[in-house]
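Okay, so here's the structure we're looking at.
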Amino acid sequence: MAYELAALPYDYNALEPFIDTETMHLHHDKHHQAYINNVNAALANHPALAAKSVDDLISDLNAIPEDIRGVVRNNGGGHSNHTMFWNIMGPANAPGIGGHPAGDIAKQISADFGDFDAFKKAFNEATAKQFGSGWGWLVFTAGKLKIITTANQDSPLSQGLYPILGNDVWEHAYYLKYQNRRPDYLAAWWNVVNWAEVNKRFAKAKS
Ligand code: MN3
């Protein structure tokens, strides 16, 4: 079964003014679609691998033949990461979007980082420093939340870590609106985080 691009769970303009409509069209319709096309092409002669969910696929890179492993890591990672990314965001100013987190994730953030502002600062600083293209992530390991970054489209899943949330700092994610001002993009992004979805992912990370 070839992977397919799901529609965004909101309108292309729903994240304005924090993420602009044109960026959302290019990012979802062109970049995410390209990752899907590339991983599908790599798996064309590997039906058993293609039958896995993309998250299962990239959770076990050693199961992938060496001649396609790099392509699958990059493009399967791209598909998984962007699927997560669209779903942990929501329409700006809608209830439960942006602002302060609620629920279990709010309590765990307070326990591990002191408060939400300290957590945001730590996440933004770590992610701003990711050299070149990559992602900033929140994971749960050894009973604690941890901020990590990865290069390229590498997923925490490939390290045995379930991503609770992640922000894309490839230039394609922000350059049209923010140009070289990655820290401004990082600061604005929190306005569109869907905390209900993040709480769901936190529950899964703990299970
Ligand atoms: Mn991207």
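Reckoned from all heavy atoms, side chains included, excluding hydrogens, waters and symmetry mates. Both counts, for ligands and for their atoms, begin at 1 and track the order of listing.
The main-chain N or O of S158 is never found under 3.5 Å from a side-chain atom of S59 such that the two would form a donor-acceptor pair. Of the possible donor and acceptor atoms, none in the side chain of H27 sits under 3.5 Å from a partner among the backbone N and O of T23. Side chain of D154 to backbone of T150: no donor-acceptor contact under 3.5 angstrom is found.
Only protein N, O or S atoms were considered, and those under 2.8 Å from the Mn ion (ligand 1) are H27 NE2, H82 NE2, D168 OD2, H172 NE2.
Taking the charged nitrogens against the carboxylate oxygens, K129 and E125 have no contact shorter than 4.0 Å, which rules out a salt bridge. A salt bridge is defined here as a Lys NZ or Arg NE, NH1 or NH2 lying under 4.0 Å from an Asp or Glu carboxylate O, and K146 with D112 fails to meet this definition.
For the residue pair D115/S110, the side-chain donor-acceptor check at 3.5 Å is not satisfied.
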